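Structure incoming, see below.
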Amino acid sequence: MPNFDSPTLLCDEALRDPYPIYRRMREKGPVYHDHLADAWCILDFDLVRDVLQDSNGFSSHHLADRAEPVLGARVLAQMTGAEHDEKKAVTMRGIAATAMDGYYLPAVERVAKSLWEEIGTTRRTELVCDLASPFAIEVTSALLGIDAQWRRKILPWNRSVVEFITLLQQTPDERSRRLADAGYFRAFMLKLIESRRRSPRHDLVSYLAECGSSAGLTDDEIVALALNIFLAASEPLDKTLSYLVHETLRTPTLYEAVTSDSGNIPQMLTETMRLHPPVQIIPRITVGSQDIAGTKIPDGSTVYCMIGAANRDPSKFSDPDQFILARRENSVRKAFSPSADHLAFGSGLHFCIGAMLARRQLETAFQASLPYLAGWQLSKDALVEHGLYTRGPTELVLEKRK
Ligand code: 2IO
């Protein structure tokens with residue numbers, strides 16, 4: 001009989017502020033069985049990393065139900081062995097060829113600046129809506145090669161795909177609406193792939209359309225990969241940019257540190273990723289029964305790697321809830337590689353392939369934002385955050401300095 005007094009992720013409080021819930025779960029031990037969610041929550045840094053690094057004992061089979069119905073085919077996170085390595089290599093080469101070409105980052109900078117110029121004509125701004133979201137959509141669309149005229153159309157389709165994958169509960173009606181939207185998004189992407197194959201451009205869809213097939217990707221897999229990249233690149237980007245701005249305006253010494261020496265920007269981003277990881281849950285499924293820190297978990301169980309809890313594990317980070325620039329235990333040197341001291345990009349075989357891209361996009365956008373930030377201050381109760389699987393600001397209100 002489930003005990004409903006026990007902490008659970010399936011409640012409104014978890015969506016508003018999950019950190020107190022993580023602490024209540026942790027008080028019961030490093031592995032907590034959430035009866036309502038029917039998931040084993042792993043809360044300690046070292047245990048989360050162990051699970052993520054053991055891709056044989058802890059599989060990504062959940063994505064067959066969580067992602068495949070909307071993406072239409074298997075994605076890299078579901079693959080292992082030679083297939084995984086080959087398809088991942090071509091995808092990473094495609095990202096490097098389109099994003100690190102000397103043109104992309106200057107375009108990212110122009111997008112950020114032009115959004116700030118627009119904001120400059122007002123006295124009050126809600127930054128998620130006016131800067132962070134349009135920034136994330138524009139630079140991700142530019143990367144893939146989705147023209148401006150399509151962006152408004154694909155936005156609700158992408159929303160549905162993100163929600164299908166990341167919401168822990170959905171009604172049958174919501175589920176079928178999201179499946180239908182995903183179908184439109186896939187049809188759109190298939191047409192784009194065919195069109196870029198006929199007349200290639202310098203963008204990621206063209207690259208995958210041409211080189212993906214030679215690496216053994218079917219067209220359905222290229223569609224799935226393109227949708228996966230669109231959501232995985234855009235969904236965490238606006239959240240992290242909003243947090244960067246909020247932390248900077250909230251603490252004058254931080255603002256001083258990043259404006260006086262742009263060498264501090266990577267460290268600013270590193271600590272933001274630790275304290276506010278936009279992906280809070282990485283699920284896995286046990287293969288065979290597993291023992292984690294003395295807790296027996298049966299075969300086929302859902303395990304949630306709780307990234308937000310692990311990144312604030314007090315045995316790993318001193319004063320874990322504090323934003324500390326240049327934290328020794330959160331080294332900037334490794335922060336965007338699989339040996340990072342934080343787990344915001346996961347760990348092991350399925351470590352985020354976009355980590356370096358995210359770093360470049362965010363450093364560029366943040367650097368471009370700094371001169372504009374001088375004219376603004378946070379409004380009272382400026383920040384509203386929401387979400388659990390992916391979590392970030394939904395409101396960040398600034399007003400012109402007097
Ligand atoms: C989306 C959840 C925003 C990924 C999944 C099919 C695979 C994978 C992740 C991240 C972040 C998104 N999982 N990116 O957690 O590609």
Side-chain angles (χ1 to χ4, degrees), residues 39 42 48-49 51-52 55 58-80 84 87-88 91-92 94-95 132-133 136-137 140 143-144 157-168 170 178-179 182 185-186 189 204 208 217 220-243 273 276-285 302-308 310-311 336 338 340 342-359 361-362 386-392:
I42 318 294
V48 166
R49 197 180 41 193
V51 167
L52 292 174
S55 49
F58 300 89
S59 78
S60 300
H61 293 155
H62 64 287
L63 290 174
D65 305 319
R66 203 169 251 295
E68 248 185 272
V70 280
L71 300 182
R74 286 158 67 250
V75 291
L76 294 173
Q78 291 166 272
M79 300 173 187
T80 54
H84 168 267
K87 292 175 179 176
K88 178 165 162 172
T91 310
M92 290 181 78
I95 294 174
S133 298
I137 295 305
T140 308
L143 179 79
L144 286 160
W157 298 340
N158 182 58
R159 195 46 25 228
S160 287
V161 172
V162 170
E163 287 171 351
F164 189 97
I165 294 175
T166 65
L167 292 185
L168 297 185
Q170 56 184 341
R178 287 170 187 143
L179 281 168
F185 201 4
R186 291 199 305 275
M189 197 59 84
L204 188 50
L208 294 174
L217 286 153
D220 283 346
E221 286 177 337
I222 298 175
V223 167
L225 188 56
L227 260 56
N228 184 171
I229 292 172
F230 192 92
L231 86 93
S234 59
E235 172 75 4
L237 192 57
D238 69 314
K239 296 173 169 55
T240 308
L241 182 57
S242 303
Y243 277 127
M273 297 298 311
H276 306 290
V279 179
Q280 295 264 322
I281 298 178
I282 301 182
R284 289 291 184 259
I285 307 291
T302 299
V303 170
Y304 283 168
C305 294
M306 304 304 297
I307 305 302
N311 274 359
F336 304 89
H342 65 80
L343 295 169
F345 296 114
S347 189
L349 182 67
H350 298 300
F351 180 82
C352 175
I353 61 170
M356 204 41 88
L357 170 66
R359 172 183 187 161
Q361 290 172 327
L362 284 160
H386 184 86
L388 183 58
Y389 196 124
T390 61
R391 173 173 180 77

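In listed order, ligands and their atoms are each counted from 1. Everything quoted here is computed from the prediction, not taken from an experiment. One-based numbering along the sequence shown.
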ask   = Where is the nearest protein heavy atom to atom 14 (N) of ligand 1: which residue, which atom, and how far?
value =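 Scanning the protein heavy atoms, the shortest distance from atom 14 (N) of ligand 1 goes to Ala232 CB, 3.5 Å.
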inquiry  = Using a 4.0 Å cutoff against the non-hydrogen atoms of Val279, which atoms of ligand 1 qualify?
reply    = 11 (C), 15 (O)
ask   = Should we count NE2 of His62 as having more than 12 external heavy atoms under 6.0 Å?
value = yes
key: Interatomic spacing from CD1 in Ile165 to CG in Leu231 - rounded to 0.5 Å   = 5.0 Å
ask   = Just by distance, do the side chain of His350 and the backbone of Ala77 share a donor-acceptor pair under 3.5 Å?
value =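 Yes: the side chain of His350 pairs with the backbone of Ala77.
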Value rounded to 0.5 Å, distance of CZ in Arg359 from CE in Met273 =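 Separation between the atoms: 12.0 Å.
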ask   = For atom 12 (C) of ligand 1, what's the nearest protein heavy atom and its distance?
value = Leu231 CD1, 3.9 Å
message = Protein heavy atoms near atom 10 (C) of ligand 1, is at least one of them under 4.0 angstrom away?
response = no
key: Nearest non-hydrogen partners of Thr91 and Lys87, listed with the distance   = OG1-O, 2.7 Å
key: Atoms in ligand 1 with a heavy atom of Asn228 nearer than 4.0 Å   = 1 (C), 4 (C), 16 (O)
